[in-house]
K.L.:
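I'd like to ask you about the structure that follows.
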Amino acid sequence: MEEVKPSPIGTISGPEGDGQQSLEEWRGVLRHSTAHIMAQAVMRLWPGTQLAIGPSIADGFYYDFKLPNDQRFKEEDLVQIEKEMKKIIKENQSFVRQEINIEQAKEVFGDQPFKLEIIDAVEQAGATGEFLEEVEKGNSVSLYKNGDGFVDLCRGPHVPSTGHIPAFKLLRVAGSYWRGSEANPSLQRVYGTAWESKALLDEHLYRLEEAEKRDHRRLGVEMDLFHFPPEIGSGLAVFHPKGAKIRMLLEDFSRREHLENGYEPVWTPHTAKSDLFAISGHLGWYKEGMYPGMELDGSTYYLKPMNCPMHVLIYKDRLRSYRELPLRLYELGTVYRYERSGVLHGLARVRALTQDDSHIFCAPDQLPQELASILKFILKTLATFGLKDFQAELSTRPEKYVGDPKDWELATEALRDALISAGIDYVVSEGDGAFYAPKIDVHLKDAIGRKWQVSTMQVDLQMPKLFDLEFIGKDNERHQPYMVHRVLFGSVERFYAILLEHFAGAMPTWLCPTHARVLPVRNDHEDYAMEIVAKAKAEGLSFDMEEANEPLGARVRKAKLEKLPYILVVGDQDVEAKTVGVNLRGTNDPERGVGSGEIIARIKSEIDRYALAGE
RNA sequence: GCCCGGGUAGCUCAGUUGGCAGAGCAGCGCACUCGUAAUGCGCAGGUCAGGAGUUCGAAUCUCCUCUCGGGCUCCA
């Protein structure tokens, strides 16, 4: 529960203004009011502008406009709009709420087609009793009037007057569509942020700057981990030696964990004939997400967008006994998906991705136990990386689906039960399931708060039917197994991106390509430094050495910028006493005189435990 | 895919009204041999994303393509 705090703003104007709002709700009101003032400013500067909607969002607000004659905002326009907004704030106009009936509303907003559409929706909702997200149902609507005659259709509430906006800033302009659909007119969206004090605004802007520094795309370049060669194509990454080493360590972790948890490795090719994807339903329901077919020997081959159909074929290769179930097939499977050019985003959304994929075939009565143990596996995996700030979502049957709605119901309830018995908070996302199954998704936030789906588990009753899967039960009869799709990382690439941002590039020691750099103080300490590198290598660790061609301070700085977890300095005293000076990442004062065997044992133990910083 | 904004050395960025393409860092060479976040000097580095056009002359203006960023939609 959010703490109820005294209002930083003062009172708010509207029916909900009963003083019970949380701080976040107050900020929502402040931001929504700022959006109104922005709309007012835009109306002054571009008379004839059509207003769409202007809600508050996390940390800010936006407003969608259709400018007269299809004009577009430019970056410089934001300065103008801000200036006008400041004027309106100075004028301290009151926000006056007024309830009017539908007929009156249609007259007031006669020249505002988007508002009219909303009013129509309210009217219809009033008739049907249907709930609408953006408006209260009913036979009347509310509007807010400001001093100079600006009127906006709005549910409210608002701050009492325009003077109650202590600090705001417009951030960027973007394109959008009316009601988010490409079929509708395109609009101009302006994003901004507003806070109850200048200090909080500055803090927020500073946070945004800091977040930019941990953007995985930027770290990827700075740390020489990966890049996207245009010659290969959009959304297709190459991993450089250091980046690939990190990736390998992640994948090794995944393999080890799966083998220890009762999964069986499989391997499947990257392409298959259309026959396979026709049976699985992919060509019917997912074709727009696939690379186009390749003609070969009279067949059409597709790159696989998912691993499931191939895993199904492994199951189906022979008759299965109930004794084999649950059968957990696991593969780091690389799949290819056509993602629209505008949605690609570094490693977080690519066109070639490797899933830590498993398909579990089980008897119906094994399902609850299996789902519970998958959830546990997911949580344990996230905990290993210190990822605590996640959100679970239960996604239900989408509009485009295969199978019987009754099966969907059964599968959805099984997932819900798993969440409830694990005591995990979740939200329901109606209609967001895969075309073949409902799912539980786990979402993680990146550096700037964008949410990305990572782990998912899906209960699939369709694929077993489509492929006629069977097993022989205790009763010597044929039965159909259930099938669960699940990933823990989601895709290695996306998880990699999330981890880079989570750790701001300072990966836990066990995920670092190089564990320590040994720095000889003078050239004549190099032999001793190399001895330590060799000793570490014999213990399975990866150390390197940089010759004393530059001052020690410069080499220390370089190693720090490379975010190496350990810098080991060796000089006269160390050669004498067989010790090293330990400079640990994130600390300022080095520890002198640590035995060379001791530091190697320390680092080794850290790696063996998958330790996070400070553990 | 759609809207907006970008693309100049490996990286970060200057580049005036159209008039000889620059800096810092990184790289390479030489000197320095140093105890915990930048030693000095020198060298090299470019089809100004690509193509077409306007012009005596284009990094600069126009058009097209590619690509990146912010959104919309979509999703691991």
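Just so you know, these numbers come straight off a predicted model, no measurement behind them. All chains are named by letter (A, B, ...) in the order of the sequence lines, taking the proteins before the strands, and each is independently numbered beginning at 1. We use all heavy atoms of the structure for the numbers below, so side chains are in, but hydrogens, waters and symmetry mates are not.
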K.L.:
In whole Å, what separates the C1' atom of B/rA26 from that of B/rC13?
P.N.:
14 Å
K.L.:
Which part of the nucleic acid, if any, lies within reach of A/N549 when heavy atoms closer than 4.0 Å are counted: base, sugar-phosphate only, or nothing?
P.N.:
base
K.L.:
Distance check, P atoms only: B/rG15 and B/rA9, in whole angstrom units.
P.N.:
15 Å
K.L.:
Classify the side chain of A/D574 and the base of B/rG35 as holding, or not holding, a donor-acceptor pair under 3.5 Å.
P.N.:
yes
K.L.:
Rounded to whole Å, please give me the gap between CE in A/M306 and P in B/rA76.
P.N.:
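Roughly 7 Å, once rounded to whole Å.
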K.L.:
Between B/rA14 and B/rU36, how many Å separate the two C1' atoms, rounded to a whole number?
P.N.:
35 Å
K.L.:
Strictly under 6.0 Å, is that where the ring centroids of A/H282 and A/Y302 end up?
P.N.:
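Between A/H282 and A/Y302, the centre distance exceeds or equals 6.0 Å.
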K.L.:
Just by modelled atom types, is the A/R486 backbone N or O under 3.5 Å from a matching donor or acceptor in the A/S358 side chain?
P.N.:
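Here the side-chain-to-backbone pair does not exist.
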K.L.:
If you measure from NE2 on A/H515 to CZ on A/R517, what distance do you get to the nearest 0.5 Å?
P.N.:
13.5 Å
K.L.:
Measure distances between side-chain N and O atoms of A/Q458 and base N and O atoms of B/rA76, and say whether any donor-acceptor pair falls under 3.5 Å.
P.N.:
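Under the 3.5 Å cut-off, the side chain and the base do not form any donor-acceptor pair.
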K.L.:
With both distances under 3.5 angstrom, what nucleotide forms a Watson-Crick or G-U wobble pair with B/rA23?
P.N.:
B/rU12
K.L.:
How close do A/D356 and A/F489 get, heavy atom to heavy atom, and via which atoms?
P.N.:
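Between these two residues, the closest heavy atoms are OD2-N, 2.7 Å.
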K.L.:
Provide, to the nearest angstrom, the distance between the CG atom belonging to A/L564 and the P atom belonging to B/rU36.
P.N.:
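Rounded to whole Å, this separation is 19 Å.
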K.L.:
Could you tell me which nucleotide pairs with B/rU62 by Watson-Crick or G-U wobble geometry, both distances under 3.5 Å, or answer none if nothing does?
P.N.:
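Partner of B/rU62: B/rA52.
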K.L.:
Hey, are A/R602 and A/E598 close enough for a salt bridge, meaning a charged N less than 4.0 Å from a carboxylate O?
P.N.:
yes
K.L.:
Could you give the distance separating B/rG42 and B/rA23 at their P atoms, to the nearest angstrom?
P.N.:
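Result for the P pair: 13 Å, nearest Å.
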K.L.:
B/rU60 and B/rG6: how far apart are their C1' atoms, nearest whole angstrom?
P.N.:
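Pairwise C1' distance, B/rU60 against B/rG6, rounds to 15 Å.
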K.L.:
Please produce a list of atom pairs where a protein N or O lies less than 3.5 Å from an N or O of nucleotides 4-11 of chain B.
P.N.:
residue : atom : partner : partner atom : Å
B/rC4   : OP1  : A/R72   : NE           : 3.3

K.L.:
If you check the A/Q355 side chain, which of B/rA76, B/rG35, B/rU73 turns out closest?
P.N.:
B/rA76
K.L.:
Distance check needed: B/rC68 C1' versus A/R217 CZ, whole Å only.
P.N.:
9 Å
K.L.:
Measure from NE2 on A/H443 to C1' on B/rC74 and round the result to the nearest Å.
P.N.:
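Those two atoms, NE2 and C1', are 14 Å apart.
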K.L.:
Looking only at atom types and distance, does a side-chain atom of A/H258 sit under 3.5 Å from a main-chain N or O of A/S254, one as donor and one as acceptor?
P.N.:
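Indeed, once roles are kept as given, a pair shorter than 3.5 Å links the two residues.
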K.L.:
Checking only heavy atoms, does the side chain of A/Y177 share a donor-acceptor pair with the base of B/rC2 at less than 3.5 Å?
P.N.:
yes
K.L.:
Using a 4.0 Å heavy-atom cut-off across all strands, classify A/D441 as base, sugar-phosphate, or nothing.
P.N.:
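Nothing, no nucleic acid heavy atom in range.
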K.L.:
Please work out if A/S341 contacts a base, only the sugar-phosphate, or nothing of the nucleic acid, heavy-atom cut-off 4.0 Å.
P.N.:
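Result for A/S341 = base.
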K.L.:
Checking contacts here: which listed nucleotide (B/rG27, B/rU67, B/rG35) is nearest the side-chain heavy atoms of A/K558?
P.N.:
B/rG27
K.L.:
Rounded to whole angstrom, note down the P distance from B/rA49 over to B/rG10.
P.N.:
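B/rA49 and B/rG10 have their P atoms separated by 12 Å.
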K.L.:
Given that A/F228 and A/Y191 both sit by RNA chain B, which one's nearest nucleotide is further toward the 5' end?
P.N.:
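Its nearest nucleotide lies further toward 5', so the answer is A/F228.
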K.L.:
Which base sits across from B/rG40 as a Watson-Crick or G-U pair, both distances under 3.5 Å?
P.N.:
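Result: B/rC30.
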K.L.:
So what's B/rG57 paired with, Watson-Crick or G-U wobble, going by both distances under 3.5 Å?
P.N.:
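WC or wobble partner does not exist here.
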K.L.:
Across all strands shown, which nucleotide pairs with B/rC2 by Watson-Crick or G-U wobble geometry, both distances under 3.5 Å?
P.N.:
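B/rC2 is paired, partner B/rG71.
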K.L.:
Could you tell me whether A/G553 contacts a base, only the sugar-phosphate backbone, or nothing, with contacts defined as non-hydrogen atoms closer than 4.0 Å?
P.N.:
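If one applies the 4.0 Å heavy-atom cut-off, A/G553 turns out to touch the sugar-phosphate alone, with no base involved.
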K.L.:
For A/K169, is the NZ atom crowded, meaning more than 12 foreign heavy atoms sit under 6.0 Å from it?
P.N.:
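Open.
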K.L.:
State plainly whether the residues A/E210 and A/R207 are in salt-bridge range, i.e. N to O under 4.0 Å.
P.N.:
no
K.L.:
Grab the CG-P distance between A/N523 and B/rA31 for me, whole Å please.
P.N.:
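Value for this atom pair: 12 Å.
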K.L.:
Whole angstroms only, please: what is the OH-P distance between A/Y62 and B/rG70?
P.N.:
18 Å
K.L.:
What is the separation between atom CG on A/L568 and atom P on B/rU36, rounded to the nearest whole Å?
P.N.:
15 Å
K.L.:
Applying a 4.0 Å non-hydrogen cut-off, can you work out what A/R351 is touching in the nucleic acid: base, sugar-phosphate, or nothing?
P.N.:
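Nothing: the residue A/R351, judged by heavy atoms under 4.0 Å, touches no strand.
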K.L.:
Test your reading of the model: is there a side-chain donor-acceptor pair from A/R522 to the backbone of A/A548, 3.5 Å cut-off?
P.N.:
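Judged by distance alone, no pair lies under 3.5 Å.
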K.L.:
Check whether NZ of the Lys or CZ of the Arg A/R31 lies under 6.0 Å from the centre of the six-membered ring of A/F61 and within 45 degrees of that ring's axis.
P.N.:
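The answer is no, since A/R31 fails at least one limit relative to A/F61.
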K.L.:
Please list, by residue number, the residues of residues 483-506 of chain A whose heavy atoms come closer than 4.0 Å to an atom of RNA chain B; answer none if no residue qualifies.
P.N.:
A/G490, A/S491, A/R494
K.L.:
Return whichever of A/P551 or A/I567 has its heavy-atom-nearest nucleotide of RNA chain B closer to the 5' end.
P.N.:
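This one resolves to A/I567.
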K.L.:
Need one value for A/S234: base, sugar-phosphate or nothing, where a base atom within 4.0 Å counts as base even if backbone is also close, heavy atoms only.
P.N.:
sugar-phosphate
K.L.:
When the P atoms of B/rU65 and B/rC3 are considered, how many whole Å apart are they?
P.N.:
11 Å
K.L.:
Mind checking the C1' distance from B/rU47 to B/rA59? Whole angstroms is fine.
P.N.:
12 Å
K.L.:
Is there a donor-acceptor pair closer than 3.5 Å between any side-chain N or O of A/T587 and the backbone N or O of A/N583?
P.N.:
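Not confirmed, A/T587 side chain does not pair with A/N583 backbone.
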K.L.:
Per the ring-ring contact (aromatic ring centres under 6.0 Å, His included) rule, which among A/H345, A/H443, A/H502 passes with A/W452?
P.N.:
A/H345
K.L.:
Go through B/rU67, B/rG35, B/rU39 for me and flag the one nearest to the A/L552 side chain.
P.N.:
B/rG35
K.L.:
Among B/rA76, B/rU39, B/rG71, which nucleotide sits nearest the side chain of A/K439?
P.N.:
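Closest of the options to the side chain of A/K439: B/rA76.
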K.L.:
For B/rU47, which nucleotide is its Watson-Crick or G-U wobble mate, given both distances must be under 3.5 Å?
P.N.:
none
K.L.:
Measure from the side-chain heavy atoms of A/R172 and tell me the nearest of B/rA76, B/rG70, B/rU36.
P.N.:
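Shortest atom-to-atom distance from the side chain points to B/rG70.
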K.L.:
Which part of the nucleic acid, if any, lies within reach of A/A548 when heavy atoms closer than 4.0 Å are counted: base, sugar-phosphate only, or nothing?
P.N.:
base
K.L.:
Hey, is the main chain of A/A447 close enough, under 3.5 Å, to the side chain of A/E501 for a donor-acceptor pair?
P.N.:
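Answer holds: yes.
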K.L.:
Expressed as a whole number of angstroms, how long is the span from A/H345:NE2 to B/rG70:C1'?
P.N.:
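Rounded to the whole Å, the gap is 10 Å.
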K.L.:
Touch check for A/E550, heavy atoms < 4.0 angstrom, all strands: base, sugar-phosphate only, or nothing?
P.N.:
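The residue A/E550 makes base contact.
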K.L.:
Below 4.0 angstrom, N of the basic side chain to O of the carboxylate: do A/E550 and A/R557 qualify?
P.N.:
no
K.L.:
Any N or O donor-acceptor pair under 3.5 Å from the base of B/rU73 to the side chain of A/R340?
P.N.:
yes
